[in-house]
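These values consider heavy atoms only, across backbone and side chains, with no hydrogens, waters or symmetry-generated copies. Predicted model only: the values in this text are computed from it and were never measured.
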Amino acid sequence: MARPCKLVLVALLVAAMASPLALAYDPSPLQDFCVADKASNVFVNGQVCKDPAMVSAGDFSFSGLQNAGNTANPFGSKVTLVDVKALPGLNTLGVAMARLDLAAGGLNPPHTHPRATEILTVVEGEMYVGYLDTTGKLFAKVLHKGDVFVFPKGLVHFEFNFGAKHAFGIAGLSSQNPGLIRVADSLFGASPAISDDVLAKAFRIDAATVQRIKAQFATKK
């Protein structure tokens, strides 16, 4: 009798350990599709399903990634994201994609996707890309046309065009809603604002410098 009890306890322990991991990922589809219903005001973890009788091919289609993004901004970069908001048919499918455009000298500043791993393919030009692991180690590489790089889920990463010509790439993301946290924007452009004392101590700078940096992020891009 003791052995079956031990087996039950082991099974319960494994289930308890596995459950949080399962809950952390996008919901799995239980039918052919679950097109997001943008008209619904019901809040769930994901999106409410549209009536299947009202679904059309257009719910699974997006047009626009053939067009270069507008990089006329302080960073010289533009991300065109195709997530569940842009493409309702992605609901419950656990994927999204994006086009990244970088002007010469353009930067997609350090950021994270809290819900997604990203895989980037350079289509034109060159990019210097990298990410930081949880020990602070940098993994970085110069990518050329056709090269691929992976950014693990939730880790801070960036893309920079050090070349003299426009560059762009296509990225795949392992969530229908990857999320985006830009490191500098989040800290210096938070609303309500983070205390100057906190930021000054964290970055080992004075409060006046914090104020000057905050002024650069008063209007988020």
Connected via hydrophobic side-chain network under 4.5 Å: V122 and V129: yes
Closest heavy-atom contact between A96 and V82? CB-O, 3.4 Å
Could you check whether the rings of F151 and H157 sit parallel, tilted or perpendicular, using 30° and 60° as the cut-offs? parallel
Is it the case that the side chain of N161 and the backbone of A103 share a donor-acceptor pair, with hydrogens and angles ignored and the cut-off at 3.5 Å? yes
Rounded to the nearest 0.5 Å, what separates atom CG in L180 from atom OG1 in T112? 7.0 Å
Minimum heavy-atom distance between L173 and P178, given as atom pair plus value: CB-CG, 3.9 Å
For F158, which of Y128, F75, F149 qualifies under ring pair (Phe, Tyr, Trp, His ring centres under 6.0 Å)? Y128
Nearest 0.5 Å please: distance from the OH atom of Y131 over to the CG atom of L155. 7.0 Å
In Å and rounded to the nearest 0.5 Å, what is the NZ to CG distance from K78 to N67? 12.5 Å
Does a side-chain heavy-atom distance below 4.5 Å link Q176 with L93? no
Flag if over 12 foreign heavy atoms under 6.0 Å of NZ, K50: yes
With side chains defined as the heavy atoms from C-beta onward, is the minimum distance between Q31 and C49 less than 4.5 Å? yes
Shortest non-hydrogen separation from R115 to N177 and the atoms involved: NE-O, 2.7 Å
Side-chain donor/acceptor of R99 to backbone N/O of T80, under 3.5 Å: no
Hey, are the side chains of I213 and I205 touching, using non-hydrogen atoms and a 4.5 Å cut-off? yes
Test of understanding: clusters of I, L, V, M, F, W, Y form through side-chain heavy atoms closer than 4.5 Å, transitively. Do L81 and L65 belong to the same one? no
If you round to the nearest 0.5 Å, how far is CG of L102 from CD of E124? 13.0 Å
Are F162 and L120 in one and the same hydrophobic cluster, where Ile, Leu, Val, Met, Phe, Trp and Tyr link if side-chain heavy atoms are under 4.5 Å apart? no
Is the closest side-chain heavy-atom distance between L100 and M127 below 4.5 Å? yes
Considering all heavy atoms of both residues, which atom of A167 and which atom of E126 are nearest to each other, and what is their separation? CB-O, 3.8 Å
For S186 and I181, indicate whether the former's side chain and the latter's backbone hold a donor-acceptor pair under 3.5 Å. no
Common cluster, V84/M54, ILVMFWY with side-chain heavy-atom separation under 4.5 Å: no
What distance separates F33 CZ from N91 CG, expressed to the nearest 0.5 Å? 12.0 Å
Step by step, would you call E159 with S77 a side chain to side chain contact (heavy atoms under 4.5 Å, CB included)? CA-CA 9 Å; E159 297 93 2; S77 66; over 6 Å; no
Looking only at atom types and distance, does a side-chain atom of D185 sit under 3.5 Å from a main-chain N or O of G189, one as donor and one as acceptor? no
Any non-hydrogen side-chain atom of F203 less than 4.5 Å from a side-chain atom of T209? no
Over 60° means perpendicular and under 30° means parallel, so classify the ring planes of H113 and H111, tilted if in between. perpendicular
Could you state whether F62 and V55 fall into the same hydrophobic cluster, counting links through intermediate Ile, Leu, Val, Met, Phe, Trp or Tyr residues with side-chain heavy atoms under 4.5 angstrom apart? no
Quick one, K214 and D196 - any side-chain contact, counting heavy atoms below 4.5 Å? yes
Closest approach of A98 and V79, non-hydrogen atoms and distance? CB-CG1, 4.0 Å
Of all heavy-atom pairs between A116 and S174, which one has the smallest distance, and what is that distance? CA-OG, 3.6 Å
Under 3.5 Å donor-acceptor, T117 side chain and K153 backbone: yes
Are any of the side-chain heavy atoms of N108 and R182 separated by less than 4.5 Å? yes
Look up atom CG in D197 and atom CG in D206, then write down how far apart they are to the nearest 0.5 Å. 11.5 Å
